[in-house]
Undergrad: 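For reference, the structure I am asking about is given below.
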Amino acid sequence: MGVCVRFAPSPTGPLHIGGVRTALFNWLFARHHQGKFILRIEDTDRSRYVPGAEQHIIESLRWVGLTWDEGPIRQSTRTELYRRYAHELVQRGYAYYAFDTEEELERMRQDLRAAGVPNPQYNVYTRQYMRNSLTLPEEEVQRRLASGEPYVIRLYVPADREIRFHDQIRGWIRFQSRELDDKILLKSDGFPTYHLANVVDDHLMGVTHVIRGEEWIPSTPIHLLIYEGMGWTPPEFAHLPLILRPDGKGKLSKREALQLGIPIYVIQWKDPHTGEEMPGFRELGFLPEAVLNILALLGWHPPDAQREIFTLQEMIQTFSLERIGASGARLNYEKALWINQQYLQRLSEEAFRQKVAPFLEAVGVPPDAFHLELANLYRTRAHTLREIADEVRAIREWTPVRSIQSGEVSALESVTLNACEQDALQAFLRWWRAHTGEATPDVLTQKIREIARERELKPGQLMLKIRWAISGKRQGPPLGALLHLMKDKAIERIAKLIEQT
RNA sequence: GGCCCCAUCGUCUAGUGGUUAGGACACCAGGUUUUCAACCUGGAGGCCCGGGUUCGAUUCCCGGUGGGGCUGCCA
């Protein structure tokens, strides 16, 4: 039988990078084994449904290019199915009806807590004292069901069993059934809980490997009991380590990420209630392939551990669950930026132009040939497309105007030209205007050096003045290239600086 | 609290019953550059602690400590 995996997010909020990484690992596993990758939306809790979340999930996956072979399948459209299996589980003696009200449950918990039980459960012991089909006479159960009284279906956890499974990443994991809760499988509103829907779907869809977050380890024994109750063979399990906060305390949270300026989404998310917007890697100017590389490295490494940058094809070829670590990982944003820079540098000129154009437009710069080329000059000097666009915009809007009033005195001081420099710049402009045809980057650079030497000026000093005049910065791309590209614009700005002095 | 998972430089990690414990980001120094990047070279920096097993443990076992997860008619 071929490999079949699924990514099964719940639309209770935006898809964060941990989820994308889970999707990525599932996807890589499927592609590596030429198997099937299913997208399933686990929307069985109507009360926690967040508008736009499902769309965010789908768009996120699309943007990074994790395409699915089947789906999205929404569990909310299959409730009848789960209901049927829940009742079958009762028939088989692996589940039972329970009629306890919320108040009764709360009272039970209160009483137990008062008696010194820190985490009261509906379990092997307590179920004997509650109102359910284990304690009530058969006729009464039937009467209550027939009268339409609300009920839930709970898993019947056996008293003394060891439940264990072999995790593909962690090895054997054991649980004592005594520690388990008689989890609700079917809610009183007729919807299944995660546990039931998940197991039913995984079985029906032929899922062979469940690759999911570590937070699911504690509920795996519950799932195993359901498989057993239904007489189904459980899939293989692989529990991925969590992505932790960069400062070492807890799981990566939205609030903290916001504070640190670190994206936790792949694409922007706007909270439908608060209206608060959080940019994703996409908006910050990351390339989708780079994002996948960044996320893959969070817990996984190719066999050749010396390499950090690799293509999707290489990832697919070398991917295996054995190479996933068991300990939690923190996102190193500095390294993420570096990885993106590496990808930026490897882009062909054509691809780069295509990628950077929307970012130029976003900051009000027309993405014409001139600005695109200017952006290209900043390529090795930035980590993201957004940084590049910002540089281009800054240089576009720069005017070498003396504005002592606005407090830029210190900045302007460095451009104050002495008579000699003024003369040098004038000479340079004169030459340039007369030789526009032959003014290549190298020639321009040489000419500046020549003019500086003739006047016993340091070439570097003169170049700094020119750089300031045309870009308003003390550093940037090679001056010759910049001048050559900017041409008239540069001449105009240098002239303006001379005039201002 | 209970149950479960985890533990190699600051971070992501490779690795082994005997290794100078390897790489990457970040950091420092040098080279290159008009400059800033990029790039090249070099440097500093790590096996959580305590027992045990063993001729020998970073590696295997146990305990501790630390970190994390779960403990809902959430997923």
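So that the names make sense, note that chain A is the first sequence line, chain B the second, and so on, each numbered from 1.
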Undergrad: To the side chain of Glu334(A), which of C25(B), C73(B), A75(B) is closest?
TA: C25(B)
Undergrad: Under the 3.5 Å rule, do the base of A24(B) and the side chain of Lys335(A) count as making a donor-acceptor pair?
TA: yes
Undergrad: Give Asp182(A) one of three labels, base, sugar-phosphate or nothing, depending on what nucleic acid heavy atoms sit under 4.0 Å from its own.
TA: nothing
Undergrad: Select base, sugar-phosphate, or nothing to describe what Pro9(A) touches, counting heavy atoms under 4.0 Å on all strands.
TA: nothing
Undergrad: Select base, sugar-phosphate, or nothing to describe what Leu298(A) touches, counting heavy atoms under 4.0 Å on all strands.
TA: sugar-phosphate
Undergrad: Around Glu80(A), counting heavy atoms of other residues, nucleotides and ligands shown, do more than 12 lie under 6.0 Å from its CD?
TA: yes
Undergrad: Quick one: label Leu297(A) by what it contacts on the DNA or RNA (base, sugar-phosphate, nothing), any heavy atom closer than 4.0 Å.
TA: sugar-phosphate
Undergrad: Determine whether the side chains of Gln345(A) and Gln341(A) contain a donor N or O and an acceptor N or O closer than 3.5 Å.
TA: no
Undergrad: Side chains of His239(A) and Arg212(A) only: does a donor on one sit below 3.5 Å from an acceptor on the other?
TA: yes
Undergrad: Out of Phe165(A), Tyr194(A), Phe175(A), which residue meets the ring pair (Phe, Tyr, Trp, His ring centres under 6.0 Å) rule with His223(A)?
TA: Tyr194(A)
Undergrad: Ile173(A) near the nucleic acid: base, sugar-phosphate alone, or nothing, with a heavy-atom cut-off under 4.0 Å?
TA: sugar-phosphate
Undergrad: For Gly299(A), report the nucleic acid contact type (base, sugar-phosphate, nothing); a contact means any heavy atom under 4.0 Å.
TA: sugar-phosphate
Undergrad: Can you check the distance between C48(B) and G31(B), where both ends of the measurement are the C1' atom (answer in whole Å)?
TA: 40 Å
Undergrad: Do Arg170(A) and C5(B) share a donor-acceptor pair, side chain to base, under 3.5 Å?
TA: no
Undergrad: Between C49(B) and U65(B), how far apart are the two P atoms, rounded to whole Å?
TA: 16 Å
Undergrad: With a 3.5 Å cut-off and just heavy-atom distances, do the side chain of Glu215(A) and the base of G68(B) make a donor-acceptor pair?
TA: no
Undergrad: Start at the 5' end of RNA chain B and walk down; is the nucleotide closest to Arg307(A) or to Pro478(A) reached first?
TA: Arg307(A)
Undergrad: Please evaluate the base of A37(B) for a donor-acceptor partner in the side chain of Thr380(A) within a cut-off of under 3.5 Å?
TA: yes
Undergrad: Categorize Arg379(A) for me: base, sugar-phosphate, or nothing, with a 4.0 angstrom heavy-atom threshold over every strand shown.
TA: nothing
Undergrad: C4(B) and C27(B): how far apart are their P atoms, nearest whole angstrom?
TA: 43 Å
Undergrad: Any strand counts, and the cut-off is 3.5 Å on both contacts for Watson-Crick or G-U wobble. Which nucleotide pairs with G66(B)?
TA: C6(B)
Undergrad: Find the distance Leu244(A):CG to G69(B):C1' and express it as a whole number of Å.
TA: 10 Å
Undergrad: Please measure how far the P atom in U53(B) lies from the corresponding atom in U8(B), and state the result in whole Å.
TA: 26 Å
Undergrad: Using the rule given for side-chain contact (heavy atoms from CB on, under 4.5 Å), can you reason through Leu240(A) versus Glu214(A), listing the C-alpha separation, both sets of side-chain angles and the distance that settles it, and then say yes or no?
TA: CA-CA 5 Å; Leu240(A) 269 20; Glu214(A) 188 183 31; over 6 Å; no
Undergrad: Across all strands, who's sitting opposite C60(B) as a Watson-Crick or G-U wobble pair, both distances under 3.5 Å?
TA: G52(B)
Undergrad: Could you tell me how far apart Glu54(A) (CD) and A75(B) (C1') are, to the nearest whole angstrom?
TA: 15 Å
Undergrad: Of Lys183(A) and Gln475(A), whose nearest nucleotide on RNA chain B comes first from the 5' end?
TA: Gln475(A)
Undergrad: Select base, sugar-phosphate, or nothing to describe what Ile184(A) touches, counting heavy atoms under 4.0 Å on all strands.
TA: base
Undergrad: Looking at Asn132(A), is its backbone amide N or carbonyl O close enough to the side chain of Thr135(A) to form a donor-acceptor pair, meaning the two atoms are under 3.5 Å apart?
TA: yes
Undergrad: Between Asp201(A) and Arg6(A), does any NZ, NE, NH1 or NH2 come within less than 4.0 Å of an OD or OE carboxylate oxygen?
TA: no
Undergrad: Does G1(B) have a Watson-Crick or wobble partner in any strand here, with both distances under 3.5 angstrom, and which is it?
TA: U71(B)
Undergrad: Give a yes or no on whether a donor-acceptor pair under 3.5 Å exists between the nucleobase atoms of C74(B), that is its base, and the side chain of Arg48(A).
TA: yes
Undergrad: Using a heavy-atom cut-off of 4.0 Å across all strands, would you classify Glu391(A) as base, sugar-phosphate, or nothing?
TA: nothing
Undergrad: When we call it a touch if two heavy atoms are under 4.0 Å apart, what does Gln345(A) touch: a base, just sugar-phosphate, or nothing?
TA: sugar-phosphate
Undergrad: Which part of the nucleic acid, if any, lies within contact of Glu308(A), taking any heavy atom under 4.0 Å across all strands shown: a base, the sugar-phosphate backbone alone, or nothing?
TA: base
Undergrad: Look at all strands and tell whether Phe175(A) reaches a base, only sugar-phosphate, or nothing, counting heavy atoms closer than 4.0 Å.
TA: sugar-phosphate
Undergrad: For His195(A) and A75(B), what is the distance between atoms NE2 and C1' respectively, to the nearest whole Å?
TA: 8 Å
Undergrad: CZ of Arg212(A) versus P of C70(B): gap in Å, rounded?
TA: 13 Å
Undergrad: Write down the distance between CD1 (Ile339(A)) and C1' (C12(B)), rounded to a whole number of angstrom.
TA: 9 Å
Undergrad: Considering just the side-chain nitrogens and oxygens of Gln121(A), establish if one lies under 4.0 Å of OP1 or OP2 belonging to G1(B).
TA: no
Undergrad: Determine the Euclidean distance between corresponding C1' atoms of C12(B) and G50(B); express it in Å to zero decimal places.
TA: 29 Å
Undergrad: Counting only Watson-Crick pairs (N1-N3 plus N6-O4 or O6-N4) and G-U wobbles (N1-O2, O6-N3), all under 3.5 Å, who is the partner of A26(B)?
TA: none
Undergrad: Contact class for Arg164(A) (heavy atom, under 4.0 Å): base, sugar-phosphate, or nothing?
TA: nothing
Undergrad: For the side chain of Lys187(A), counting heavy atoms from C-beta on, which of C5(B), A75(B), U34(B) is nearest?
TA: A75(B)
Undergrad: Counting neighbours of CD on Glu456(A) that are heavy atoms of other residues, nucleotides or ligands and sit closer than 6.0 Å, is the number greater than 12?
TA: no
Undergrad: Does the side chain of Arg330(A) get closer than 4.0 angstrom to OP1 or OP2 of C12(B) through an N or O atom?
TA: yes
Undergrad: Would you please confirm or rule out a distance under 4.0 Å between OP1 or OP2 of G15(B) and any side-chain N or O of Arg323(A)?
TA: yes
Undergrad: Return yes if the base of C74(B) and the side-chain atoms of Thr12(A) contain a donor-acceptor N/O pair under 3.5 Å, otherwise no.
TA: no
Undergrad: Which part of the nucleic acid, if any, lies within contact of Gln341(A), taking any heavy atom under 4.0 Å across all strands shown: a base, the sugar-phosphate backbone alone, or nothing?
TA: sugar-phosphate
Undergrad: Rounding to an integer number of angstrom, what distance separates G10(B) and G46(B) when you compare their P atoms?
TA: 7 Å
